[in-house]
Amino acid sequence: MSWKKKWVKYFGTLEEKERFNTIKRASYAHGMIKAALYAREIGVSSISAIEFGVSTGGGLMAMERIARLIEDEYGIKVHVVGYDNGKGLPDPVDYKDHPEIWGKGDFVMFNKDQLLENVKDSEIVFGDVKDTAGEREGWYRSNPIAFISIDVDYYSSTMSCLEALKFHPDCYLPAVSMYFDDISFFTANRWCGELLAIDDFNAANEKRKIDIDRTLPGNRPYQNVGWYRNMYVGHILDHTLRSVEQ
Ligand SMILES: C[S@@+](CC[C@H](N)C(=O)[O-])C[C@H]1O[C@@H](n2cnc3c(N)ncnc32)[C@H](O)[C@@H]1O
């Protein structure tokens with residue numbers, strides 16, 4: 001670790017710590033901090049950050065920690081919401097779910113009781129995402145969605161998760177930071193998995209689009225970091241702040 005990174009890790013601001021990738025789950029930290037700064041810029045004080053696919057909770061617990069750092073530094077409240085069936089992956093539907101890699105029961109939440117005890121400020125919505133992802137519109141109207149991680153491996157599950165991008169425009173910031181976990185392995189391609197789900201979602205929705213995050217790497221101190229390619233942005237093109245009739 002360079003002396004500068006070490007210094008930033010202990011004495012830097014939250015933004016500096018994020019830019020130097022010193023925070024655990026750097027991709028989540030990047031998306032959540034970007035979301036919080038954007039919320040602050042447009043006068044929103046309470047936002048939601050979602051993780052689809054919780055498994056044993058490593059990601060969710062990291063999100064809780066990052067949410068606390070954000071609240072301390074910027075005064076923005078970040079509500080962390082996880083979605084999982086608690087039983088691991090369902091049966092793959094067809095080749096689009098990458099059955100050459102994953103199968104039923106992978107990533108089961110074997111520590112459910114312990115995880116529920118450890119979870120402090122976040123919530124886990126249990127059930128198949130095909131039933132749960134389109135719920136809670138009322139909650140998100142008051143606490144707009146600002147960050148979404150999609151880590152459910154399959155095309156079929158990802159398509160269900162993306163129902164959460166179809167609520168009323170008030171349920172979002174105009175642009176939602178997104179992380180797609182399962183797009184960078186040798187058999188990944190645009191005709192399967194999360195990459196296909198992104199293309200299909202974009203083709204089916206005129207005013208909601210998912211695009212790569214075009215701010216990365218920008219002038220960040222580390223230019224070639226793998227997770228930069230996993231960062232996307234959900235564009236809410238029918239958001240009031242994107243309307244010319246305000
Ligand atoms: C790779 S794991 C998630 C790992 C977690 N994000 C982390 O970083 O620690 C994938 C999770 O997606 C969940 N999942 C996949 N398809 C699902 C579905 N249709 N409904 C609910 N959960 C699903 C599985 O139960 C599994 O726990």
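Since we're looking at a predicted model, the values are computed, not measured. Just follow the structure's listing: the first ligand is 1, and inside any ligand the first atom is 1.
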Which residue and non-hydrogen atom of the protein lie closest to [atom], and at what distance in Å?
atom                    : value
atom 14 (N) of ligand 1 : V152 CG1, 3.9 Å
atom 17 (C) of ligand 1 : S157 OG, 3.6 Å
atom 18 (C) of ligand 1 : V129 CG2, 3.5 Å
atom 10 (C) of ligand 1 : D151 O, 3.1 Å
atom 23 (C) of ligand 1 : N85 ND2, 3.9 Å
atom 15 (C) of ligand 1 : L89 CD2, 3.4 Å

Which of the numbered atoms in ligand 1 are below 4.0 angstrom from a heavy atom of [X]?
X    : value
G58  : 9 (O)
D128 : 18 (C), 19 (N), 20 (N), 21 (C)
V54  : 5 (C), 9 (O)
G88  : 24 (C), 25 (O)

Do any heavy atoms of [X] fall under 4.0 Å from ligand 1?
X    : result
S160 : no
E51  : yes
S156 : no

Using ring centroids (six-membered ring only for Trp), state whether Y232 and Y179 fall under 6.0 Å.
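Between Y179 and Y232, the centre distance exceeds or equals 6.0 Å.
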Residue-level breakdown please: for [X] versus ligand 1, do any non-hydrogen atoms fall below 4.0 Å on the side chain, on the backbone, on both, or on neither?
X    : result
D153 : side chain
M109 : neither
R25  : side chain

Answer yes or no: is there an ion pair linking R68 with E64, defined by an N-O contact shorter than 4.0 Å?
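Yes.
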Sidechain N-carboxylate O distance under 4.0 Å for R136, E123:
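Yes, this pair counts.
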Look only at interatomic distance and state if [X] has a nitrogen or oxygen under 3.5 Å from any nitrogen or oxygen of ligand 1.
X    : result
P90  : no
D106 : no
G53  : yes

For [X] and [Y], which I'm curious about, is there any donor-acceptor pair between the side chains at under 3.5 Å?
X    : Y    : result
T215 : K34  : yes
H235 : R242 : yes
Y155 : D200 : yes

If you count heavy atoms of other groups shown closer than 6.0 angstrom to CZ of R220, is the number above 12?
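Correct, the count exceeds 12.
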Please check if atom CZ in F185 has more than 12 non-hydrogen atoms from other residues, nucleotides or ligands closer than 6.0 Å.
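Yes - once you tally the heavy atoms of other residues, nucleotides and ligands closer than 6.0 Å, there are more than 12.
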Which atoms form the tightest heavy-atom contact between D128 and N85, and what is the distance?
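Minimum heavy-atom contact is N-CB, 4.3 Å.
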Please give me the minimum heavy-atom distance between I183 and N230, naming the atom from each residue.
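Looks like CG1-ND2, 3.7 Å.
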How are the rings of F11 and W7 set relative to one another: parallel (under 30°), tilted (30 to 60°) or perpendicular (over 60°)?
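Ring orientation of F11 relative to W7: tilted.
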Taking the six-membered ring of Y222 (Phe, Tyr or Trp), confirm whether the NZ or CZ of K5 is under 6.0 Å from its centre and within 45° of its axis.
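The answer is yes; both the distance and angle limits are met.
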Using the side-chain contact (heavy atoms from CB on, under 4.5 Å) rule, take W139 and S48 through it: C-alpha gap first, then chi angles, then the decisive distance, then the call.
CA-CA 9 Å; W139 167 264; S48 295; 3.4 Å; yes
Please state which option from D84, T132, D181 has its nearest heavy atom closest to atom 13 (C) of ligand 1.
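Nearest option to atom 13 (C) of ligand 1, by heavy atoms: D84.
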As a check for students: among G105, P92, G59, identify the option with a heavy atom nearest to atom 9 (O) of ligand 1.
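Residue with the shortest heavy-atom distance to the ligand atom: G59.
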